[in-house]
Amino acid sequence: MHTITLDSETDFDGWRQAARRLALNQVKPQDVTWTVRGGTPELFSTETNDLPEATEGTFNVPAKFVELAKAAILHRDPERFALLYRLLWRLRSHHDLLSVATDPDVAGVSAMARAVHRDEHKMHAFVRFREVGRVNTHFVAWFEPEHHIVELAAPFFAKRFADMPWSILTPDGCAHWDGHEIAFTAGVAKSEAPTEDRLEETWRSYYAAIFNPARLKVKAMQTEMPQKYWRNLPEASMIKPLIASAERTAGAMIANEATEPHKPQKRQDEPMARKQTHDTQARGTIAALREEATGCRACPLWKGATQTVFGEGPQSATLMLVGEQPGDKEDLAGHPFVGPAGQMLDRALEDAGIARAKVYITNAVKHFKFVPRGKIRLHQKPNTPEIRACRQWYERELAAIRPELVVALGATAAQSVLGRITPINRNRGRLIDHDGTKVLVTVHPSYLLRLPDDKAKALEYQRFIDDLKIAADQLRNSARAA
């Protein structure tokens, strides 16, 4: 039996070196015990105890395994080191093993990696800094991660808050940024974290302002923001009252809403009904797609974004709106079209006679692309590789919802929906048949916000309304035909 003592819970380099030596010496997984001594990499080095010197030779594993292992080793499961070595051992003779998703070892490592990335996403979303000191101001946050993700998540905050000194304290380890480099220290107790600061009330006011009761989905909110995170959020005291208020408002709206007469449905024969049920199950649900998309790493945009901003709306929607990408407010809130462009869109939909609550709204690109300028994040237009990388999510949303009409808001959305660069002015105002789906191309509402004078804004806003009315007329005609 060989005992491998790693220097820390996140010692990937030590595990990798030891695993290679073990494999080259033909040491079977069941003959290895993995332990962690603790401490920091600067103070200790990996112990291999009675491990013999490596014999000559080498071997290769897929790059995907290295990527999975770097994430999975941050999981809190003490068996992760043994599981990774067992998978490494098997990959030497079965190079395509990672493509077998049902294999227990592959499934186990993949699940660990997903859990780590989900935890990283939660840390990006739920860290709240508090101001400490007035002269030499420092910003300090407390967070309790499920896994060992502090070093993984810290570069995001260094990029996001590059111009302010900060510290993130956790029980496992702490990260510190001085404006130039990140430093890591041992974990601390929660008692060392600051409580309220002078900006707390400002943040609560902002949170209340962006809380939209018309778009509240309590179960989805609880999934995205589990209650275990609430105790460290300044806005936590407002969540339950806001939900209760939203439920009362929604109840009143439902009570006052006019109902439509019952429409008899055509009887389907049993084979066709079974086929449609199977197709619906095969398409999956929007909730499942949203959960899967939280860990999307298809392009580099996830590194700077707070979170994936997925589409929202009923899965039975007959109209699907596709925008460009989430903006600053959407990135923080986790919902599409909640900023100024979203308010413009809400107004236009109402003027066109379209109820937003019955529309599915998403973006061609699901992460916020920006350039930091001090404390401001300036929007950047997604490029073609980023649009292509994210198109799989649009295609899967389209397959899940199967709308009668898709409205592409702007050039980026049109490129994603139609699969090619599409000039807006030459194509707007008419329906386009594309792969069995009708598509309408128009401008993005943010274009209206950028116009230089009131006259131009009024003119273009009316053109935007006219485009949306084409969509409303198409849906009404389809409903009558049905």
Side-chain angles (χ1 to χ4, degrees), residues 3-19 32-47 64-88 105 107-129 140-160 166-177 181-193 226 228-229 231-232 294-295 297 302-303 306-307:
T3 300
I4 307 300
T5 304
L6 302 177
D7 64 13
S8 72
E9 295 283 359
T10 61
D11 184 14
F12 174 76
D13 290 336
W15 175 87
R16 187 179 190 177
Q17 179 184 11
V32 183
T33 298
W34 298 87
T35 63
V36 176
R37 172 169 41 193
T40 62
E42 291 76 14
L43 299 178
F44 302 107
S45 59
T46 302
E47 288 184 358
K64 182 180 178 182
F65 172 75
V66 177
E67 180 183 346
L68 280 172
K70 284 183 176 179
I73 211 163
L74 304 180
H75 201 278
R76 205 171 285 274
D77 190 334
E79 297 301 318
R80 64 192 182 281
F81 305 113
L83 174 59
L84 286 168
Y85 181 58
R86 187 164 67 243
L87 183 55
L88 173 71
D105 291 341
V109 170
S110 298
M112 286 183 178
R114 286 195 301 271
V116 166
H117 286 307
R118 278 198 300 271
D119 199 27
E120 179 193 14
H121 158 71
K122 299 299 184 187
M123 184 170 179
H124 289 170
F126 299 135
V127 160
R128 299 288 186 267
F129 288 102
V140 182
W142 170 259
F143 191 73
E144 299 172 48
E146 289 188 17
H147 305 294
H148 304 287
I149 60 166
V150 174
E151 293 185 27
L152 177 67
F156 163 84
F157 295 99
K159 182 177 179 181
R160 176 75 177 277
W166 53 256
S167 295
I168 300 176
L169 313 180
T170 83
D172 297 322
C174 304
H176 312 274
W177 171 254
E181 62 181 357
I182 305 173
F184 298 98
T185 59
V188 299
K190 187 177 182 180
S191 59
E192 297 192 30
K228 64 182 179 181
Y229 295 107
R231 61 180 178 269
N232 297 321
T294 59
R297 302 293 185 268
W302 66 271
K303 295 179 181 179
T306 303
Q307 56 194 312

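Quick note: residue numbers are just sequence positions, from 1.
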Does the pair Val116 and Met112 meet the rule for a side chain to side chain contact (heavy atoms under 4.5 Å, CB included), with working shown? CA-CA 6 Å; Val116 166; Met112 286 183 178; 5.6 Å; no

Between [Y] and [X], is there a side-chain heavy-atom distance shorter than 4.5 Å?
X: Trp15; Y: Val36; result: no
X: Ile168; Y: Met123; result: yes
X: Thr306; Y: Arg160; result: yes
X: Phe157; Y: His124; result: yes

Distance-only donor-acceptor check, side chains His176 and Ser167, under 3.5 Å: yes

When you measure from the side chain of Asp119 to the backbone of His147, do you find a donor-acceptor pair of N or O atoms at a distance under 3.5 Å? yes

How far apart are the closest heavy atoms of [X] and [Y], and which atoms are they?
X: Ala113; Y: Ala71; answer: CB-CB, 3.8 Å
X: Pro171; Y: Pro145; answer: CD-CD, 4.4 Å
X: Ala19; Y: Trp34; answer: N-CH2, 4.2 Å
X: Val150; Y: Ala175; answer: CG1-CB, 3.9 Å

Nearest-0.5 Å distance, [atom1] of residue [X] to [atom2] of residue [Y]:
X: Leu88; Y: Arg16; atom1: CG; atom2: CZ; answer: 10.0 Å
X: Leu6; Y: Thr35; atom1: CG; atom2: OG1; answer: 7.0 Å
X: Arg76; Y: Ile149; atom1: CZ; atom2: CD1; answer: 9.5 Å
X: Asp11; Y: His148; atom1: CG; atom2: NE2; answer: 12.0 Å

Across all chains, not counting sequence neighbours, the side-chain contact (heavy atoms from CB on, under 4.5 Å) partners of Lys159 are none

Using the side chain to side chain contact (heavy atoms under 4.5 Å, CB included) rule, take Ile182 and Phe184 through it: C-alpha gap first, then chi angles, then the decisive distance, then the call. CA-CA 7 Å; Ile182 305 173; Phe184 298 98; 3.6 Å; yes

His117: which residues meet the ring pair (Phe, Tyr, Trp, His ring centres under 6.0 Å) condition with it, sequence neighbours left out? none

Check residues 80-87 and write down every donor-acceptor pair under 3.5 Å in which the side-chain atom is one partner and the other belongs to a residue at least two apart or another chain.
from  : atom 1 : to     : atom 2 : distance (Å)
Arg80 : NE     : Ile73  : O      : 2.7
Arg80 : NE     : His75  : O      : 2.9
Arg80 : NH1    : His75  : O      : 3.2
Arg80 : NH1    : Asp77  : O      : 2.8
Arg80 : NH2    : Glu9   : O      : 2.8
Arg80 : NH2    : Glu9   : OE1    : 2.6
Tyr85 : OH     : Ala23  : N      : 3.3
Tyr85 : OH     : Val27  : O      : 2.6
Arg86 : NE     : Asp105 : OD1    : 3.2
Arg86 : NE     : Asp105 : OD2    : 3.3
Arg86 : NH2    : Asp105 : OD1    : 3.1

Option passing side chain to side chain contact (heavy atoms under 4.5 Å, CB included) with Val127 (candidates Trp142, Phe143, Trp166): Phe143

